[in-house]
A.B. asks: 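Okay, here's the structure, questions in a sec.
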Amino acid sequence: MSQTHTLIIGAGAAGMMAAAVAGQRGASVLLIDHSSKIGEKIRISGGGRCNFTNVALDGGDASKYFISQNPRFVRPALAHYTAKDFVQLLKMHRVTFHEKHKGQLFCDDSANDVIDVLRAECAAGKVEWRTNCAVKNIRLLNEDSGARFEVDTSTAGVWRCQNLIIATGGLSVPAIGATGFGYEVARQFGHTVTELSPGLVPLTFGNWAQDGWNALAGVALPVRVSAGEGKKAMAFDEDFLISHKGLTGPAILQISNYWQQGESIRVNLCPDVDLEKALRQGKVGSRMQLDTALTQLAPNLPKRLLQHSFEQAAFAPYAKHKWADVSDKVLRELAASLNAWTLKPSGTEGYKKAEVTRGGVAVKEINNQTMESRLQKGLYFIGEVMDVTGWLGGYNFQWAWASGMAAGMAVSDKL
Ligand SMILES: Cc1cc2nc3c(=O)[nH]c(=O)nc-3n(C[C@H](O)[C@H](O)[C@H](O)COP(=O)(O)OP(=O)(O)OC[C@H]3O[C@@H](n4cnc5c(N)ncnc54)[C@H](O)[C@@H]3O)c2cc1C
């Protein structure tokens with residue numbers, strides 16, 4: 001039997017950060033992963049360049065970028081370990097990066113640079129690794145046994161530890177090692193796991209192919225997409241992309257975090273133009289055809305999309321009418337079909353395509369300064385396994401770094 005101060009399950013973004021911090025502050029740390037490769041999600045993230053943080057987090061209320069039963073839970077950890085702090089770490093390792101869009105920071109070269117930084121930081125903390133190693137059982141020990149947990153592993157024997165950190169992430173992309181193990185451990189120790197569903201995921205629609213939308217695959221444009229009503233309403237100004245299966249692109253991934261099964265989403269295909277006003281005002285005395293008028297009023301709208309929208313919304317008969325002759329009622333309906341296209345997704349492309357998992361270990365049962373369980377001393381949850389889901393744009397990694405830092409500090413404070 002072997003012994004370590006802190007055992008971490010999951011060598012992803014959060015687990016490596018926690019291991020490095022605890023190790024560098026003097027704790028003996030064992031980091032276990034069932035995969036052969038560590039940090040696989042970092043490697044595939046941001047199109048291979050890892051959008052590792054977002055500078056927007058460093059001004060104002062960080063909780064607005066997160067979905068959780070209690071979004072305010074994220075504030076202390078994100079205030080303690082900021083986007084600037086992670087940037088500083090990368091600079092120290094001479095990793096170069098750039099800002100791409102809305103505060104999103106990406107590596108100039110490769111996401112592997114981030115993995116290398118975390119590996120080096122773990123090495124500086126003398127962290128022990130075991131890959132290809134699954135955890136079979138976790139037992140709670142008696143107070144007098146000198147350790148709190150006993151862990152059976154598939155290839156590294158039995159380990160005892162004072163602190164157990166669960167950093168096994170969410171369910172998205174099972175092909176690279178995602179499992180629900182963290183949720184099982186949480187339940188074993190009496191924790192609530194909130195409802196789980198794919199997040200940051202493409203949306204699918206029942207009659208997509210029958211209605212001919214798949215023929216428009218590849219059409220992309222900036223839109224405003226919104227979901228929810230009243231105080232719960234959310235909107236994003238981003239690009240969307242029509243695919244063979246439905247809608248995707250940053251706008252759709254963002255809104256998927258807020259969309260609930262059975263609800264509709266609204267897409268404003270020309271957010272810069274109030275089409276109802278423009279169509280009603282412009283028609284007076286005009287000799288133009290309606291379809292020509294529309295291409296002039298909304299020049300960003302691809303012609304193929306406009307034509308298909310016309311057909312779908314049964315406006316095709318009016319396309320060649322003289323604009324001035326089209327009634328205000330028809331113009332109003334036509335404008336609504338483009339400024340507030342309302343459609344009901346039938347579902348999502350699932351965990352295979354989702355970037356994150358919505359829901360997780362309920363945060364009310366976790367200390368927001370240390371990430372320690374309020375139900376079991378010495379047990380910690382960090383990263384995506386918790387009920388904390390960030391927007392697209394580097395927010396999920398910053399949560400992984402910050403929660404990993406909080407737990408790494410907390411376990412080493414106990415030395
Ligand atoms: C395609 C894609 C692109 C993304 N791009 C970005 C981006 O650019 N920016 C951003 O902020 N976020 C991005 N994300 C989200 C981000 O990758 C995650 O939120 C983040 O990796 C979560 O960190 P984590 O440490 O909690 O979990 P992970 O990084 O997923 O790590 C969990 C680790 O636990 C291991 N594990 C799982 N089950 C077990 C088990 N039973 N036993 C032992 N080990 C286990 C896994 O092998 C893995 O190594 C992306 C996600 C995907 C899928």
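Atoms within each ligand, like the ligands themselves, are counted from 1 in listed order. Here the structure is a predicted model, which is why all the values come from computation and not from measurement. These numbers come from the heavy atoms of this one structure, side chains and all, not from hydrogens, waters or symmetry mates.
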A.B. asks: Any chance the side chains of S197 and R358 put a donor and an acceptor closer than 3.5 Å?
C.D. replies: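 The answer is yes; a qualifying pair exists.
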
A.B. asks: Hey, is ligand 1 close enough to F397 that some N/O pair sits below 3.5 Å?
C.D. replies: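 There is such a contact, yes.
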
A.B. asks: Do ligand 1 and S172 have nitrogen or oxygen atoms that lie under 3.5 Å from each other?
C.D. replies: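 No, S172 has no N/O under 3.5 Å of an N/O on ligand 1.
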
A.B. asks: Using the test ring-ring contact (aromatic ring centres under 6.0 Å, His included), find all partners of W159 that sit at least two apart in sequence or belong to another chain.
C.D. replies: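 Per chain and number, W159 pairs via ring-ring contact (aromatic ring centres under 6.0 Å, His included) with no residue.
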
A.B. asks: Geometry only, no angles: is G46 polar-contacting ligand 1 at N/O separations under 3.5 Å?
C.D. replies: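 Between G46 and ligand 1, an N or O pair is found under 3.5 Å apart.
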
A.B. asks: For the 3.5 Å polar cut-off, considering only N or O atoms, please tell me whether Q398 and ligand 1 meet it.
C.D. replies: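 No, Q398 has no N/O under 3.5 Å of an N/O on ligand 1.
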
A.B. asks: Between W401 and F397, is the ring centre distance below 6.0 Å?
C.D. replies: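 Ring-ring flag for W401/F397: true, centres closer than 6.0 Å.
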
A.B. asks: Given E355, K353, M386, E184, identify the one with the heavy atom nearest to atom 52 (C) of ligand 1.
C.D. replies: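 Closest candidate by heavy-atom distance is E355.
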
A.B. asks: How about D113 and S110: does a side-chain donor come under 3.5 Å of a side-chain acceptor?
C.D. replies: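 No.
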
A.B. asks: Would you list the atom pairs, donor with acceptor, under 3.5 Å between side chains in residues 330-338 and any protein atom, with sequence neighbours excluded?
C.D. replies:
| from | atom 1 | to | atom 2 | distance (Å) |
| --- | --- | --- | --- | --- |
| E333 | OE2 | K329 | NZ | 3.2 |
| S337 | OG | L334 | O | 2.7 |

A.B. asks: Decide whether N51 and K100 meet the rule of one side-chain donor and one side-chain acceptor closer than 3.5 Å.
C.D. replies: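 Result is no, nothing qualifies.
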
A.B. asks: Closer than 4.0 angstrom: is that true for some heavy atom of G394 and an atom of ligand 1?
C.D. replies: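 Judged by the 4.0 Å heavy-atom criterion, G394 does count as contacting ligand 1.
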
A.B. asks: With a 4.0 Å cut-off on heavy atoms, does A167 reach ligand 1?
C.D. replies: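 Yes, A167 has heavy atoms under 4.0 Å from ligand 1.
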
A.B. asks: Side chains of H98 and F106, heavy atoms from C-beta outward: is any pair under 4.5 Å?
C.D. replies: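 Touching, per the 4.5 Å side-chain cut-off.
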
A.B. asks: If you measure every N or O of D33 against every N or O of ligand 1, does any of those distances drop under 3.5 Å?
C.D. replies: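 By distance alone, the answer is yes.
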
A.B. asks: Quick check: F52 and ligand 1, any N/O pair under 3.5 Å apart?
C.D. replies: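 Such a contact does not occur with ligand 1.
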
A.B. asks: How does Y395 reach ligand 1, if at all, at less than 4.0 Å between non-hydrogen atoms: by side chain, backbone, both, or neither?
C.D. replies: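 It is the backbone that gets close, since no side chain atom is under 4.0 Å.
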
A.B. asks: Please classify the I9 to ligand 1 contact at 4.0 Å (heavy-atom distances, strictly less than): side chain, backbone, both or neither.
C.D. replies: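 The side chain, only.
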
A.B. asks: When you measure from the heavy atoms of V135 to every atom of ligand 1, does any distance fall below 4.0 Å?
C.D. replies: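 Not so, V135 does not reach ligand 1.
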
A.B. asks: Which ligand 1 atoms does V173 reach within 4.0 Å, using its non-hydrogen atoms?
C.D. replies: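 Going through ligand 1 atom by atom, the ones under 4.0 Å from V173 are 53 (C).
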
A.B. asks: Side-chain donor-acceptor pair under 3.5 Å between T179 and H34, yes or no?
C.D. replies: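 No, no side-chain donor-acceptor contact under 3.5 Å.
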
A.B. asks: Would one find an N or O of V385, backbone or side chain, under 3.5 Å from an N or O of ligand 1?
C.D. replies: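 No: no nitrogen or oxygen of V385 is under 3.5 Å from one in ligand 1.
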
A.B. asks: Does a donor on one side chain sit under 3.5 Å from an acceptor on the other, for Q376 and H191?
C.D. replies: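 Their side chains do not contain a donor-acceptor pair, so the 3.5 Å distance test is not met.
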
A.B. asks: So, is K37 polar-close to ligand 1, with some N/O to N/O distance under 3.5 Å?
C.D. replies: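 No, K37 has no N/O under 3.5 Å of an N/O on ligand 1.
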
